[in-house]
Amino acid sequence: MDVKFEKPYDPKEVEEKIYRKWEESGFFNPEKLPGKREKPFTIIMPPPNANGHLHAGHALFITLEDIMTRFERMRGKKALWVPGADHAGFETQIVYERELEKQGRSRFGMDPKQLYDEILAFTLENKKNMETEVRAMGASCDWSREKFTLDQDVISETQRTFKQMYDDGLVYRGSRIINWCPKHQTSLSDVETEFKEQADPFYYIKYGPFTIATARPETKFGDKYVVMHPDDERYKEYKEGQKLEVDWMNGKITATVIKDEAIDMAFGTGVMTITPWHDQTDFDIAERHNLDKEQIIDWRGKLLPIAGEFAGMKINEARPKIIEKLKEKGLLIKVEENYKHNVKVCYKCGTAIEPQIKDQWFVKMKPLAKMAIDAVEAGKIKFTPENYKKIFLYWMENTLDWNISRQIVWGIPIPAKLCPKCKTGVPDLDDSIKTCPACGGAAEKDPDTFDTWFSSGQWPYLVLGYPESPDFKNFYPTDVMETGHDLIFRWVPRMVIFGLYRTGKVPFHTVYLHGLVNDVKGKKMSKSKGNVINPLELSKKYGTDALRIGLVVGNTPGTDLALSEDRIRGYKNFANKIWNVSRFVLTNTEEADLSSKPELTEEDKKILDELKTTVTDVTQDMENFRYYIAAEKIYHYFWHTFADKIIEEAKNKIKAGGAEKLSAQWAIFEILTTALKLLHPFMPFITEEIWPHVSKPGNMLIVEKYPD
RNA sequence: GCGCGCUUAGCUCAGUGGUAGAGCGACCCGUUUACACCGGGUAGGUCCAGGGUUCGAAUCCUUGAGCGCGCACCA
């Protein structure tokens with residue numbers, strides 16, 4: 001045995017070399033694994049965005065998924081972990097727009113083709129960085145199967161899904177209220193918006209015989225319907241459909257009385273006027289009563305000619321002027337300052353969302369959600385932690401139709417033709433439709449792209465080459481979907497829905513949701529706060545193994561982690577401990593003949609029984625996704641039982657010589673090799689580095705059999 | 001408003017019916033060749049509060065308080 005270890009352990013020298021060794025071995029590819037392996041174990045990696053560098057959250061998910069993969073590989077499964085890269089539509093386009101801004105350019109007015117090509121080049125560059133960083137984390141994923149979300153087969157299959165859903169009546173073209181971001185000039189789905197609490201003045205305005213209240217006077221120019229609850233005694237003299245002459249912002253108008261139960265009698269005066277074009281509730285009321293809808297604010301957030309002298313003004317500029325005018329006209333009754341309400345904003349830029357009516361493609365969610373609910377209730381998908389099942393079901397039961405059109409170039413084109421005349425839209429996969437099937441007019445290509453989640457929701461089966469590839473037959477459904485708990489709404493339900501819809505099977509059997517990685521104070525990391533911890537730096541400073549186990553120990557699924565450097569430093573010391581224990585064991589067993597099991601002392605038998613108990617215990621935790629506790633148990637056993645007690649006592653036994661010595665040598669050697677195997681999923685580099693010294697040169701721990 | 005969590009040692013958090021745990025930090029002692037990236041030891045907790053179930057509750061039930069998160073609404 002060769003015991004020429006340097007001291008202390010230096011991860012820098014080891015990690016790259018070991019990773020290369022793994023890649024050259026081919027063992028990341030399940031087909032190249034040694035031995036007969038029947039059962040597959042599959043994880044599809046949530047593809048990191050190819051628009052920047054890895055952050056701490058990536059480091060955590062790579063570690064967890066690598067632990068799962070390495071564990072199952074060592075247990076003799078055909079382990080497959082497929083890496084990917086996400087073009088990340090809207091997100092990447094925003095990142096690139098910032099780049100453009102820095103150069104004094106803007107995407108608006110740019111030729112779409114040129115913009116697309118520039119973003120593509122930018123993305124491919126970042127993709128390379130991202131891949132290098134995933135490797136640096138020790139990910140044992142099969143690079144030969146890597147997929148990019150804009151690979152041609154992914155695009156084609158995504159587009160086919162769209163067509164199929166249209167044919168099945170699950171996708172429709174609709175003129176409905178959507179979330180419009182005036183800065184980014186695109187519509188957004190509900191999960192791409194957030195609510196921000198804001199304090200604004202609340203204006204009480206005279207509207208004929210009524211008083212209405214609003215925080216948004218600038219939308220009120222076209223309000224010609226006044227709505228109250230049918231049971232409201234205060235207004236029972238007014239009848240549905242009754243017309244009233246009202247002196248309004250820009251002169252006299254005719255208002256119509258509408259009765260609708262959506263009105264909250266207790267709120268404000270119990271009367272409101274509606275702006276169907278710019279408000280969901282108002283839109284719904286207008287739909288129910290078949291009322292006119294008129295656009296007041298344009299796509300850039302400026303007032304239209306209906307606003308009279310205010311036309312062309314931005315909302316914030318117009319508002320005080322409008323209030324001034326209302327005052328002059330004697331229409332302003334009172335102002336309540338500091339009215340707190342929630343404003344919907346774009347989740348990326350924080351700009352107030354302007355609801356608008358727009359012709360878009362929508363997915364009818366109810367029937368799809370039903371399939372997902374049934375699958376989960378039938379136990380076909382399990383959640384870790386379990387309470388996310390409730391959250392999943394709750395969301396699924398309350399889902400709304402999903403707008404999948406985006407007015408950005410960076411994405412998968414919606415394969416459809418639109419008729420500018422009659423607004424009809426039809427899918428067209430092979431660009432063969434030239435005239436509108438409804439009115440015969442010239443059909444134009446839909447310039448929009450899909451919401452990223454429309455394609456990434458199909459990721460599990462697209463990655464495996466659905467429907468033709470043998471990989472799909474061999475590895476689908478996958479075993480685990482491991483992702484952040486913030487994606488429980490954005491991503492997980494869509495994968496379940498699409499998986500069931502297109503393949504008839506759930507895409508995965510287990511959903512493991514990790515928490516967010518926050519800074520040491522538990523605050524969310526963000527560039528603007530300057531509290532971002534770069535995992536690559538930690539890896540360089542303390543070693544990847546230390547980073548990995550530091551991210552996992554005590555980190556229960558679903559719970560956010562406050563990451564401190566101290567924590568990682570502690571595990572660097574542990575790596576060094578492993579190193580030194582290995583040196584000790586090797587130097588003290590070097591001349592011993594351990595080719596066959598010697599007669600063991602009673603005490604050593606007991607020690608080895610205890611090892612077995614630990615193995616069983618840890619294995620059970622591993623099988624049940626309790627990595628946070630498994631890691632801690634191995635750590636504790638290795639350091640405070642093995643190193644502090646067993647080895648300390650072994651020193652005397654070795655000195656004593658004879659049978660006692662040989663027994664002790666056998667025991668410590670056995671414990672070391674077993675412990676290295678248990679540790680390998682968590683700390684793959686150092687354990688792999690040591691392995692040839694305790695095994696035969698050339699043997700690799702990555703494919704050793706997990707102890708039992 | 002609805003939903004989901006959390007509240008345990010100075011800090012970060014495990015534990016989830018049977019005499020309170022870890023890491024980090026603090027304090028004291030110790031350089032016996034695997035390791036000072038170390039070893040030995042010490043201090044520190046009415047396990048948020050009240051009520052209940054139980055032989056026994058940090059753990060189960062119930063009420064309440066505080067905190068966090070998600071969803072929805074807000075004319």
Side-chain angles (χ1 to χ4, degrees), chain A residues 3 5 7-10 190-191 194-195 197-198 202-205 207 210-217 219-220 223 226-228 260 262-264 266-275 279-282 285 339-344 385-395 397-400 485-486 488-489 515-516 518 520-522 524 542-543 546 549-550 553-556 558-588 626 628-629 631-633 635-636 639-640 643-644 647-648 650-651 668 672:
Chain A
V3 200
F5 282 23
K7 62 169 194 174
Y9 173 62
D10 182 10
D190 290 320
V191 292
E194 287 172 358
F195 284 98
E197 193 177 81
Q198 202 168 294
F202 197 48
Y203 306 99
Y204 287 80
I205 304 166
Y207 187 87
F210 308 107
T211 302
I212 59 154
T214 184
R216 300 203 56 191
T219 65
K220 299 274 150 212
D223 287 11
V226 59
V227 193
M228 55 218 81
D260 195 285
I263 301 298
D264 178 358
F267 189 89
T269 57
V271 182
M272 70 172 191
T273 60
I274 57 167
T275 315
D279 184 278
Q280 181 71 52
T281 311
D282 296 4
I285 292 171
Y339 166 66
K340 279 196 187 126
H341 61 149
N342 289 320
V343 181
K344 217 182 215 187
E386 283 168 8
N387 67 298
Y388 276 85
K389 176 182 169 181
K390 267 194 235 168
I391 298 175
F392 179 93
L393 289 174
Y394 179 83
W395 194 75
E397 276 152 14
N398 294 286
T399 186
L400 301 168
H485 71 64
D486 53 328
I488 184 69
F489 298 136
L516 306 179
N518 293 323
V520 68
K521 291 184 195 115
K524 196 171 173 175
Y542 303 108
I549 195 163
V553 171
N555 186 2
T556 45
T559 309
D560 295 350
L561 176 76
L563 180 64
S564 73
E565 262 197 65
D566 276 346
R567 192 186 170 92
I568 308 301
R569 186 154 36 80
Y571 291 105
K572 177 184 188 263
N573 297 348
F574 180 52
N576 197 47
K577 193 75 183 178
I578 296 170
W579 194 250
N580 282 303
V581 165
S582 301
R583 288 175 54 213
F584 176 86
V585 171
L586 285 167
T587 45
N588 285 282
R626 294 189 297 257
Y628 61 100
I629 194 92
E632 197 184 322
K633 279 176 188 162
Y635 171 89
H636 209 259
W639 199 318
H640 300 299
D644 290 350
I647 285 191
E648 286 310 314
K651 284 177 183 173
I668 59 171
L672 176 64

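Here is how names work: the chains are called A, B, and so on, in the same order as the sequence lines, proteins then strands, and each is numbered from 1.
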Taking 4.0 Å as the cut-off, does a side-chain nitrogen or oxygen of A/W639 come that near to OP1 or OP2 on B/G39?
yes
Rounded to the nearest 0.5 Å, how far apart are OH of A/Y542 and CG of A/N573?
10.0 Å
So, for A/T556 and A/T559, which heavy atoms are closest and what is the spacing to 0.1 Å?
OG1-OG1, 3.1 Å
Answer with base, sugar-phosphate or nothing: what part of the nucleic acid does A/I629 contact at a heavy-atom distance below 4.0 Å?
sugar-phosphate
Steps toward side chain to side chain contact (heavy atoms under 4.5 Å, CB included) verdict (A/L561, A/R567)
CA-CA 11 Å; A/L561 176 76; A/R567 192 186 170 92; 3.8 Å; yes
So for A/K651 and B/A34, does any side-chain atom that can act as donor or acceptor lie under 3.5 Å from a complementary atom in the base?
yes
Expressed as a whole number of angstroms, how long is the span from A/Y542:OH to B/C37:P?
14 Å
base_contact_polar (B/A72 base, A/Q280 side chain, donor-acceptor, <3.5 Å)
no
Heavy-atom pair with the smallest gap, counting every atom of A/Y388 and A/G558
OH-O, 3.9 Å
If I take atom CG in residue A/L561 and atom C1' in nucleotide B/C24, what distance separates them, rounded to the nearest angstrom?
13 Å
Please state the C1' separation for the pair B/C24 and B/G44 - nearest whole angstrom.
15 Å
Nucleotide nearest A/T281 (side chain, heavy atoms from C-beta), chosen from B/A14, B/A34, B/C73
B/C73
Among the nucleotides B/C74, B/C4, B/A34, whichever has the atom closest to the side chain of A/N387 is B/C4
Compare side-chain N and O positions of A/K577 against OP1 and OP2 of B/G39 and report whether any pair is under 4.0 Å apart.
yes
Please state the C1' separation for the pair B/C48 and B/U59 - nearest whole angstrom.
15 Å
If you look at every strand shown and take non-hydrogen atoms under 4.0 Å, does A/Y571 touch a base, only sugar-phosphate, or nothing?
nothing
Using Watson-Crick or G-U wobble pairs with both distances under 3.5 Å, give me RNA chain B in dot-bracket, 5' to 3', with [ ] for crossers and | for pairs to another strand.
((((((((.[[[[.)..(..]]]].(((((.......))))).....[[[[[..)....]]]]])))))))....
Work out how far the C1' atom of B/U46 is from that of B/U31, and round it to whole angstrom.
43 Å
For B/C47 versus B/C71, give the span between their C1' atoms, rounded off to a whole number of Å.
32 Å
Please tell me which of the listed nucleotides, B/C2, B/C24, B/C74, lies nearest to the side chain of A/Y394?
B/C2
Looking at B/C24, B/A34, B/C71, which one has an atom nearest to any side-chain atom of A/F489?
B/C71
Return whichever of A/I391 or A/G554 has its heavy-atom-nearest nucleotide of RNA chain B closer to the 5' end.
A/I391
Say you draw a straight line from CD1 of A/I205 to CD1 of A/I212; how long is it, rounded to the nearest 0.5 Å?
5.0 Å
A/H640 NE2 to B/A34 C1', straight-line distance once rounded to whole Å:
16 Å
For B/C61 and B/C2, measure between their C1' atoms and round to the nearest Å.
23 Å
Gap in Å between the two P atoms, one belonging to B/G15 and one to B/G5, rounded:
15 Å
Should A/Y207 and A/V226 be marked as a side chain to side chain contact (heavy atoms under 4.5 Å, CB included) after you check the CA-CA gap, both sets of side-chain angles, and the distance that decides it?
CA-CA 9 Å; A/Y207 187 87; A/V226 59; 3.7 Å; yes
Take atom CD1 of A/I549 and atom P of B/A22, then tell me their distance rounded to the nearest Å.
17 Å
CG of A/D264 versus P of B/A72: gap in Å, rounded?
19 Å
With respect to the side chain of A/E648, which nucleotide from B/C35, B/C74, B/C24 is positioned closest?
B/C35
Check whether any side-chain N or O of A/T559 sits under 4.0 Å from OP1 or OP2 of B/A14, and answer yes or no.
yes
Nearest 0.5 Å, please: how far is CZ in A/R216 from NE2 in A/H341?
9.0 Å
Assign each of A/F574 and A/I263 the nucleotide of RNA chain B bearing its closest heavy atom; nearer the 5' end lies the nucleotide of A/F574
Does B/C38 have OP1 or OP2 sitting under 4.0 Å from an N or O in the side chain of A/N573?
yes
Whole-Å gap separating P (B/C37) and CD1 (A/I578)
17 Å
At 4.0 Å (heavy atoms only), tell me whether A/A575 reaches a base, stays on the sugar-phosphate, or touches nothing.
nothing
Of the candidates B/A14, B/C74, B/A34, the side chain of A/N580 sits closest to B/A34
Please state how far atom CH2 in A/W395 lies from atom C1' in B/C2, giving the value in whole angstrom units.
17 Å
Should A/Y388 be listed as having a side-chain N or O under 4.0 Å from OP1 or OP2 of B/G5?
no
Separation of the C1' atoms in B/A36 and B/A49, to the nearest angstrom:
46 Å
Taking the side chain of A/R567 as heavy atoms from C-beta outward, which of B/C73, B/G39, B/U12 is closest to it?
B/U12
So, is A/S582 near the phosphate of B/A34, with a side-chain N or O under 4.0 Å from OP1 or OP2?
no
From the set B/A22, B/C74, B/A34, return the single nucleotide nearest to any side-chain atom of A/N342.
B/C74
One pair to check against side chain to side chain contact (heavy atoms under 4.5 Å, CB included): A/M228 and A/T269. What are the steps and the verdict?
CA-CA 9 Å; A/M228 55 218 81; A/T269 57; over 6 Å; no
Between B/U32 and B/A26, how far apart are the P atoms? Round to whole Å, please.
24 Å
Just verifying a value: how many Å separate A/D190 CG and A/F489 CZ, rounded to the nearest 0.5 Å?
12.5 Å
Does the cation-pi check pass for A/K651 over A/F584, that is, NZ or CZ under 6.0 Å from the six-membered ring centre and within 45° of its axis?
yes
Check this one for me: any side-chain N or O of A/T556 less than 4.0 Å away from OP1 or OP2 of B/A14?
yes
In this structure, how many angstroms lie between the P atom of B/G3 and the NZ atom of A/K390, rounded?
10 Å
Can you figure out which of B/U12, B/G40, B/C74 approaches the side chain of A/D644 most closely?
B/G40
Check step by step if side chain to side chain contact (heavy atoms under 4.5 Å, CB included) holds for A/T281 and A/I274.
CA-CA 9 Å; A/T281 311; A/I274 57 167; over 6 Å; no
